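What follows is a set of notes on a single structure, which appears directly below.
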Amino acid sequence: MLITGIKSRPVYDELTPMADGLVHIAAAQGSGGGPLLRLLGDMTPEQRAATTVLYSTESFTGHNHLAALQAFDVFDLIEFPSNAAAVSGLDALLATARMGTRLYLAGSEGFIGTSMQVATSYGMNRDEVLREHAGSFVRRVWCAHCSHYSENVTKRVFQCPGCERHLIVRDHYSGRLAAFQGVKADGEVPGELPDNEELDT
Amino acid sequence: MTATPESVESTPIETYTPEGEYLFRNSREAVRRLPFPFPDDEYMYSMNLEPHVPAGDGALMAAFDIDEHYVSECAHRAQMLREMPGVHYIALPHMMEAQWDLLELIFESYARDFPEHFTLLKNGNEWRWQNRPLGIDDVFTFGDPTTLPMDPMEYATRQAQGEFVVLEEKDNTLVIGAGMTTQRADYSLQFNMGMNFAEFHGPVPKLHEMGILDRALKFLLRMKPGHPVRRVNWSLTVHPRLETSVETLPEWAPDRATVTPENAGEMVYLRIELQPLHRLPRSNGMVFPVRTYLVSLAELVDHAPDWAKRLHRALASLDPELADYKGFHRYHAAAVAWLSQHDDGAPLATGYPWIEDGIQPGGN
């Protein structure tokens, strides 16, 4: 089973204003505030006035861009204490969104991935969404055996909180599950664990 | 139309699970009709696509082959779906048209190729489907899912051998939208659902570097309904276990550590995958079936000695990276050692067995 070098990890964009958008939603988490600041700076005043910013202050690396974001004159800025709350907030906002809405996502892979799940559920196409990765490449991992999702995984081998198996994290990414795949690390000979290593975070 | 399926009704229920004690055996005829996938002594990974037209007198005579294991395999599928709901069959909501395409393709093919077992009667959209081996005689309205007890794809593939993945064409690639995969070789349908062609081939080594993927995708996107193509693939597995998904890996992977040069003949199975790809007419989707055949190394030696020799040589010269990807690096050497006792080194024919002058099973 191939563990490393699998080419299914998403390729990310750079956030730039989408000129054909009538309404803009910009959602970010932690370090993702950086790309958002740049995006807002690149927007026209009209675009900014049509932009709702969602920002989660939960951060793996400790970066908080809230104060700088508040300096922009946008339609609305909503602060969230956690990434999960921000994704729920995005869900609620998209439920009322109209045609011509453009979405910008920035932050960790887990945040972008779970936000994309929401966007996809509203039928948003890839050309209506831009995604920019920022901060650490900590991974969201799906356990193939018990379906538990682990956030912020940094090690190649870790213990699943759901089923307590030792999982090896494959470089294999599912956009639908917004997660990498974790598979029992000592599947063939129980107790025979592969060498652990830091993931490319 | 083929010699083998007449034994469909008389086959006792075989099992593909440890609880069922792996009561799976091949008859001599079943072995000698296999789509044996090694045309040369040295195995090279390749796309090896060819038009899916009837060929030879074995598994490649029908559009969708069935054999003596048909009833048992359908029973196994029902058991897997019952035990792990939501894991082996998934269809995204927008795939309904492709589901009907697939039902039509399977039922028309079975009725045409095995009229002694299946009959499809059409009166406009009012269809009657008779499946004698499974004792099914149903009437339904084609295109109206309320007239079937379940999704059309689930209904049809519960009565079919092999697994079925349906892809939609989108943004110049093929995206997985539905699957009936109770006999997966080491992947997860839940995880792969929604992936495009490059993404779901991500874990296959060498493909990207060799440029095979891009060429294959370009070829597939030009496919038209009514002109299927096929390829064969293979792996090794331990025990006649059909369901080897990533999800259940903790149950079956330990078996890999129990193979020895002494027991490899009984424990190690060649897993042959016949993959006939069809473009679907209404949805413009693509169905990617994987018809899996299991045969133990000992059965090959007994019933197809030349194929056993060929397998020995192909395994002995295999790239270790492929053995790792296919999951048998731990018992690769044991399988080769066991097979070496049955290879006298005599020259063998080249080419697939279903082409003229290709490698035949050998023996009598």
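Residue numbers begin at 1 in each chain, while the letters A, B, ... track the order of the sequences. Keep in mind the model is a prediction, meaning the values are calculated, not measured.
By the neighbour-count criterion of 12 heavy atoms within 6.0 Å, atom OH of A:Y122 is densely surrounded, having more than that number from other residues, nucleotides or ligands. The number of heavy atoms from other shown groups lying within 6.0 Å of CD (A:E197) is above 12. Under a cut-off of 6.0 angstrom, the local environment of CG in A:N125 is crowded, with over 12 non-hydrogen atoms contributed by other residues, nucleotides or ligands. Heavy-atom neighbours of B:E266 CD from other residues, nucleotides or ligands within 6.0 Å: at or below the threshold of 12. In the displayed structure, A:H166 atom NE2 is contacted under 6.0 Å by more than 12 heavy atoms of other residues, nucleotides or ligands. Within 6.0 Å of CG in A:D20 there are more than 12 heavy atoms belonging to other residues, nucleotides or ligands. Surrounding CZ of B:R282 are more than 12 heavy atoms belonging to other residues, nucleotides or ligands, all under 6.0 Å away.
Here the closest non-hydrogen pair linking A:R165 and B:P250 is NE-CG, 3.7 Å. Shortest non-hydrogen contact noted between A:A144 and B:E247 is O-CG, 3.2 Å. Of all heavy-atom pairs spanning A:W142 and B:F191, the tightest one is CE3-CD1, 3.5 Å. A pairwise comparison of heavy atoms in A:G187 and B:L249 identifies CA-CD2, 4.0 Å as the closest pair.
Neither the backbone nor the side chain of B:L322 comes within contact range of chain A; no heavy atoms are under 4.5 Å apart. Proximity to chain B is limited to the side chain of A:S147, based on heavy atoms less than 4.5 angstrom apart. When heavy atoms are compared at a cutoff of 4.5 Å, B:M193 approaches chain A by way of both its backbone and its side chain. For A:R170, the part lying near chain B is the side chain, with the backbone staying farther off; criterion is any non-hydrogen pair under 4.5 Å.
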Check step by step if side-chain contact (heavy atoms from CB on, under 4.5 Å) holds for B:R330 and A:V189. CA-CA 11 Å; B:R330 198 180 285 271; A:V189 180; 3.6 Å; yes
List the steps and the verdict of salt bridge (Lys or Arg N to Asp or Glu O under 4.0 Å) for B:R256 and A:E192. CA-CA 14 Å; B:R256 290 171 168 174; A:E192 193 179 284; over 6 Å; no
Do A:H172 and B:M195 pass the side-chain contact (heavy atoms from CB on, under 4.5 Å) test, and can you show the C-alpha distance, the side-chain angles, and the key distance before you say yes or no? CA-CA 11 Å; A:H172 197 19; B:M195 284 191 190; 3.8 Å; yes
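B:P254 has its side chain out of reach of A:E188: every pair of non-hydrogen atoms, C-beta onward, lies at least 4.5 Å apart.
Side-chain N or O atoms of A:R176 include one that pairs as donor or acceptor with a backbone N or O of B:Q190 at under 3.5 Å.
Counting heavy-atom pairs under 4.5 Å between each of B:S245, B:G327, B:S188 and chain A puts B:S188 at the top.
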